[in-house]
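Note on naming: letters A, B, ... go to the chains in the order of the sequence lines (proteins, then strands), and numbering restarts at 1 for each one.
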Protein chains: 2
Amino acid sequence: MSKKIQVAIADAQVLCRVGLCDVLQRNPDVDIAGQAGNADELLKIVEERPIDVVVVDYNQPDFFNPEIVADIKKSAPSTHILVISSDDRKERIYQVLEDGVNSFLTKQCDEGEILDAIKATARGDKFYCHKILDLIIERSFPSKSEDCTATPLTPREKEILTLVAKGKVAKEIAADLHISPHTIYTHRKNILRKLNLTSPTEMIVYALEHGMIELSDRS
Amino acid sequence: MSKKIQVAIADAQVLCRVGLCDVLQRNPDVDIAGQAGNADELLKIVEERPIDVVVVDYNQPDFFNPEIVADIKKSAPSTHILVISSDDRKERIYQVLEDGVNSFLTKQCDEGEILDAIKATARGDKFYCHKILDLIIERSFPSKSEDCTATPLTPREKEILTLVAKGKVAKEIAADLHISPHTIYTHRKNILRKLNLTSPTEMIVYALEHGMIELSDRS
DNA sequence: GCAATTATTTGTATTTAGTCTAATTTAGCG
DNA sequence: CGCTAAATTAGACTAAATACAAATAATTGC
């Protein structure tokens with residue numbers, strides 16, 4: 001008798017939890033060991049009992065955020081993580097992939113992909129849906145793809161852009177990074193040139209659209 | 001023998017459709033008459049057979065958008081509409097409510113509310129979850145509520161704020177409005193003071209959150 | 001290892017943007 | 001009519017940003 005795959009479902013929306021439950025149980029080897037509507041509930045579950053796979057949407061402010069991946073790995077290092085999220089911010093997706101999630105699906109995926117993904121993830125394999133694979137390939141072979149969606153910015157420039165977009169002025173950024181304000185000016189000028197922007201405001205919009213910063217709170 | 005409530009589920013995400021299916025079928029009077037993953041599929045369903053209630057998330061670009069409400073009413077005027085969406089833009093929510101949806105839930109709602117809502121909607125009644133009711137009340141009695149969500153800005157200040165948030169600098173705005181740049185500075189300063197903001201960045205965030213401007217495109 | 005390129009950093013002189021203070025004009029209201 | 005809020009503006013001053021020029025530091029490709 002092989003032990004069933006112990007799965008924890010973590011999603012702030014009850015509808016998605018119900019949907020996941022329904023879909024996952026079409027695999028008779030899967031045992032839904034727990035459901036969580038927020039990060040605290042999830043961490044309690046993975047600390048209390050052995051979980052093979054956590055299915056989680058990390059992109060639900062106030063309930064789950066990207067740090068949940070590291071938290072799970074800390075609380076239960078042997079647990080595999082399957083993300084099912086509709087995050088559309090490339091940078092954040094890359095970050096989460098680097099943080100070590102095993103598999104990544106979007107919420108546009110169908111039952112078949114979800115069932116395949118849960119099997120692969122339970123085995124410790126990786127599983128990515130097409131949209132995510134496209135992103136990974138785009139990042140790995142930036143020159144191959146014809147579009148220029150990959151930011152041509154250097155790491156330092158991205159760092160500066162993020163801070164500028166957060167509303168900090170050059171002097172503050174300079175103080176933060178312990179460099180001269182002039183350096184900030186130069187970087188900012190280069191960023192504007194590279195991105196074909198004209199005003200700092202457009203930088204904010206750019207940063208927002210690329211997930212480099214976030215709107216703080218939305219009522 | 002009373003006829004069952006004929007329900008069509010319209011959501012681009014298969015997970016949500018499955019979840020809705022599961023939840024709705026806990027009411028034995030409900031008959032899932034069809035499921036649609038995009039607007040065309042949905043319209044085909046409501047044109048082909050009599051649907052009592054359409055459960056739809058209008059906020060899924062490329063699949064469903066707010067115009068779906070009017071389209072449904074045109075194709076099947078007697079169909080009641082229950083929105084389950086996680087739209088967070090007040091102005092759009094107000095618009096959809098005006099377009100004549102019967103009921104409005106968010107995706108944060110639980111099974112109980114969904115089941116109550118489907119019953120009420122099938123009867124032709126209205127059903128709004130707390131978040132939406134709060135919005136309606138806030139709009140109906142703007143002065144009554146103690147919070148200051150209603151912008152204390154003068155019309156001119158709103159105008160300036162919009163232009164600033166669009167990325168125009170003071171001089172451009174001044175040229176547009178045929179007034180002195182100093183006027184813009186003064187207005188901007190007053191806006192920041194009234195809204196308790198410190199940087200132009202926060203003005204953009206504020207404008208975005210209040211639907212005064214929109215991000216152009218997101219890939 | 002060296003040349004070439006790119007990334008990162010800085011300074012000086014100059015220009016522009018923005019703040020502070022204060023004041024004027026306009027329009028609505030009891 | 002006097003009162004108040006809104007809208008407008010100027011002058012003096014300060015901070016921010018740019019143009020320009022260039023020095024290091026790190027990477028890449030022979």
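One can find a donor-acceptor pair under 3.5 Å joining the base of C:dT10 and the side-chain atoms of A:T186.
Checking side-chain atoms of A:T183 against main-chain N and O of A:S180 turns up a donor-acceptor pair under 3.5 Å.
Across the protein-nucleic acid pair, A:I184 atom CD1 and C:dT8 atom P stand 12 Å apart, rounded to whole Å. Look at OH on B:Y185: it is 18 Å from C1' on C:dA22, rounded to the nearest Å. Rounded to whole angstrom, the span from the CZ atom of A:R156 across to the C1' atom of D:dT24 amounts to 14 Å. Put simply, NZ on B:K189 is 16 Å from P on D:dA10, counting in whole angstrom units. A straight line from CD1 of B:I191 to C1' of C:dG18 spans 15 Å, rounded to a whole angstrom. Taking atom CD of residue B:E172 and atom C1' of nucleotide C:dG18, one finds them 15 Å apart after rounding to whole Å. The separation between B:L197 atom CG and C:dG18 atom C1' is 17 Å, rounded to whole Å. To the nearest angstrom, C1' of C:dT10 lies 17 Å from NE2 of A:H178.
Between B:R188 and the phosphate of C:dA17, there is no side-chain N or O to OP1/OP2 separation shorter than 4.0 Å. The phosphate of C:dT16 (OP1 or OP2) has no side-chain N or O of B:K171 nearer than 4.0 angstrom. In terms of phosphate contacts, A:T183 brings a side-chain nitrogen or oxygen within less than 4.0 Å of OP1 or OP2 of C:dT10.
Electrostatic pairing of A:E159 and A:R156 counts as a salt bridge here, judged by a charged N lying under 4.0 Å from a carboxylate O. The residues A:K107 and A:D11 are annotated as salt-bridged, a charged nitrogen and a carboxylate oxygen being separated by less than 4.0 angstrom. In this structure, B:R188 does not pair ionically with B:E157, as no charged nitrogen and carboxylate oxygen lie closer than 4.0 Å.
Closest to the B:P155 side chain, of the nucleotides D:dA17, D:dA10, D:dA7, is D:dA7. Set against C:dT9, D:dA10, C:dA13, the side chain of B:H182 has D:dA10 as its closest nucleotide. For B:A170, the side-chain atoms get nearest to C:dG18 when compared with the rest of C:dG18, D:dA17, D:dA19. Side-chain proximity of B:S180 to D:dT9, D:dA7, C:dT9: nearest is D:dT9. The side chain of B:H187 has D:dA7 as its nearest neighbour among C:dA7, D:dA19, D:dA7.
Side-chain contact between B:L161 and B:Y206: present, with at least one pair of heavy atoms (C-beta onward) separated by less than 4.5 Å. A heavy-atom distance below 4.5 Å is not found between the side chains of A:N59 and A:F64.
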Which is it for B:R92 and B:D87 under the salt bridge (charged side-chain N to carboxylate O under 4.0 Å, His left out) test, yes or no, and what are the steps along the way? CA-CA 8 Å; B:R92 276 231 311 243; B:D87 192 4; 3.4 Å; yes
Protein and nucleotides 26-30 of chain C: nitrogen or oxygen contacts under 3.5 angstrom:
none

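Heavy atoms of B:T154 sit under 4.0 angstrom from primed sugar atoms or phosphate atoms, though from no base atom.
Within 6.0 Å of the NZ atom in B:K73, the count of heavy atoms belonging to other residues, nucleotides or ligands exceeds 12.
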